[in-house]
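We number each residue from 1, following the sequence as shown.
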Amino acid sequence: MATLTLAGVARRYGAFTAVQPTTLEIASGEFFAVLGPSGCGKTTLLRLIAGYEQPDGGTVAIDGDDVTALPPRERGIGMVFQNYALFPHMSVFENVAFGLRAQRVPGPAVAPRVTAALESVAMAAKASHPVTALSGGEQQRVAVARAMVLRPRILLFDEPLSNLDAALRLETREEIRRLQRSTGITTVYVTHDQGEAMALADRMAIMRAGRVEQAGPPVELYERPATPFVASFLGGASLIPCAVGPGRRIAIEGGAALRVPEEVCIPEAGPALLAVKPEAAVIARGERGDFEAAVLSAEYTGFTTAYRLEAPGMILKALAVSGAPIAPGTRVRVRIDWRHCSVYGR
């Protein structure tokens, strides 16, 4: 187990800044996820930690030791790549043993370490199999074992489940979390899947355009998003232009005027953005509601129905649990549940 400290780490490619100066402290034994859309800089940040890229500024430290200038093999880091990077001509055993042999680990010590690593990911029974005969999930386990066998101080994952189908992703992410809990290895996990990040991470960072928008425990980021982007990306919130006026009232541009309860933080009077999560837009069956809207679409999945609603000045996403879906074109009353809303200044 080891602490990881990034202090002002940045990476540029000519005039393009892939990672803006970033400072993060990741605790020993922590599972830390980096989440964001494609091209936001999360994989570049991971490569800076691993040593495959050199920063244009700032430092990377492990347990307080500056490792910025060290090559990857000297950092005590294991990395699981998106495409697994397994050797197709080798068996499962030889793939896992490769790193030990490259480090000139004495021959008698190789087999027990490889067997232990394969047992930790439930792949010991297939040690003699060619990796080309394995399923995607099994190959992912071998890639984890190959990283773990080197006894890294820090384990890095670069979108390791993106090549798997939905059912296998769920099963494999549970295996990754179980393995991390049992070993206590400090782990940094890059993904664009918010469900993955929230299910796995002790803490997480949301990245956008090369910078960290917010970092903290998943529940904190979801319940108290610091920026409109975090509210939209993580919570799926609808962002609605509005203006804050006297008496804690906000006026939707071209639409309704709503009063914000005291428990919701709002900016000073002036232009603002109202972020409404799907669970906050409640279709008020038999209730008066706050305003009227038209159902644009309804996606019924059995347990839930996801709606798109149109009202003057806004398009809203809404999520209803159970019940027959309401047909598009129907006019409904909508009540805002302010517990799941945020208001930001513009």
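Smallest separation of non-hydrogen atoms from Y344 and P267: C-CG, 3.9 Å.
Contact check for V110 versus R101: side-chain heavy atoms found under the 4.5 Å cut-off. Under the 4.5 Å side-chain criterion, counting only non-hydrogen atoms from C-beta, D202 is not in contact with F32. Residues V131 and M90 are not in side-chain contact: their nearest non-hydrogen atoms beyond the backbone lie 4.5 Å or more apart.
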(Q) Apply salt bridge (charged side-chain N to carboxylate O under 4.0 Å, His left out) to residues R173 and E196 and explain how you reach the verdict. (A) CA-CA 7 Å; R173 85 182 187 195; E196 246 176 59; 5.8 Å; no
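Listed by first then second residue, pairs satisfying salt bridge (Lys or Arg N to Asp or Glu O under 4.0 Å) with a partner in residues 108-124 number zero, not counting sequence neighbours.
Inspection of the D66 and T59 side chains reveals no N or O donor paired with an N or O acceptor under 3.5 Å. No side-chain donor from either of Y189 and Q180 sits under 3.5 Å from a side-chain acceptor of the other. Between the side chains of D193 and T191, no donor-acceptor pair is found at a separation under 3.5 Å.
Checking E30, E220, E25 one by one against R203, the salt bridge (Lys or Arg N to Asp or Glu O under 4.0 Å) holds for a single residue, E30.
In this structure, Y222 places its OH atom where more than 12 heavy-atom neighbours from other residues, nucleotides or ligands lie under 6.0 Å away.
No continuous path of ILVMFWY side-chain contacts below 4.5 Å connects L155 to V67, so the two sit in separate hydrophobic clusters.
Remark: I49 CD1 to I154 CD1 distance equals 7.5 Å, nearest 0.5 Å.
For the pair E175 and R178, the salt-bridge criterion is met [side-chain N within less than 4.0 Å of a carboxylate O].
Counting only distance, with no hydrogens or angles, the side chain of T17 and the backbone of R12 share no donor-acceptor pair below 3.5 Å.
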